[in-house]
Amino acid sequence: MKLSPKKLQILTLVAKGFTDKEISQKLQMSTRTIQTHISSILLTLNARNRTNAVALYKHYHPRWDIV
């Protein structure tokens, strides 16, 4: 379960509770691009939704620092 640095950055922002729109503004990317990245994250992690993706990644990478 390896994510690219960009996808990990997006997942971290998801974990912090940011919306797609807020993430897109923060990273200066389109909302559609963020949604595409999130879809890819869900597929990579075999997650049902964003919350499940965060939980799965944290489970397999316990040293992941969300702060």
Side-chain angles (χ1 to χ4, degrees):
M1 290 189 180
K2 181 121 169 103
L3 295 177
S4 70
K6 181 59 68 183
K7 285 182 177 52
L8 185 54
Q9 182 182 28
I10 291 169
L11 185 61
T12 300
L13 292 171
V14 167
K16 291 180 177 183
F18 286 91
T19 65
D20 293 353
K21 184 176 180 180
E22 291 168 333
I23 295 169
S24 71
Q25 291 169 345
K26 191 169 197 64
L27 300 182
Q28 298 181 353
M29 302 170 83
S30 74
T31 302
R32 183 68 194 129
T33 299
I34 297 302
Q35 292 168 344
T36 299
H37 278 297
I38 291 173
S39 292
S40 176
I41 291 167
L42 296 179
L43 286 172
T44 300
L45 299 178
N46 197 25
R48 294 182 303 269
N49 54 46
R50 297 158 67 109
T51 303
N52 185 228
V54 170
L56 284 169
Y57 195 82
K58 183 66 175 167
H59 174 75
Y60 289 106
H61 299 87
R63 295 178 187 256
W64 179 41
D65 189 14
I66 300 171
V67 178

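Worth saying up front: this structure is predicted, and the values here are computed from it rather than measured. Side-chain atoms are counted along with the backbone in the values below, which use heavy atoms only and exclude waters and symmetry mates.
The closest side-chain heavy-atom distance from Y57 to T44 is not below 4.5 Å.
Interatomic distance, CD1 of I38 versus CG of L42, reported as 7.5 Å (0.5 Å rounding). Residue L13 holds its CG atom at 8.0 Å from CD1 of I34, rounded to the nearest 0.5 Å. With rounding to the nearest 0.5 angstrom, the CD1 atom of I10 is 7.0 Å from the CD1 atom of I23. Note that NZ of K26 and NZ of K16 are 7.0 Å apart. Values are rounded to the nearest 0.5 Å. Between atom CG of residue L45 and atom CG of residue L3 there is a gap of 5.0 Å, rounded to the nearest 0.5 Å.
Scanning both residues, I41 and A53, for their nearest heavy atoms gives CG2-CB, 4.4 Å.
Pairs passing the side-chain hydrogen bond (donor to acceptor under 3.5 Å, both in side chains) check and including a residue from residues 33-43, sequence neighbours excluded, read K7-H37, S30-T33, R32-Q35.
Counting non-hydrogen atoms of other residues, nucleotides and ligands closer than 6.0 Å to CG of N49 gives a total above 12.
Within the 3.5 Å criterion, the main-chain N or O of T31 finds no donor-acceptor partner in the side chain of K21.
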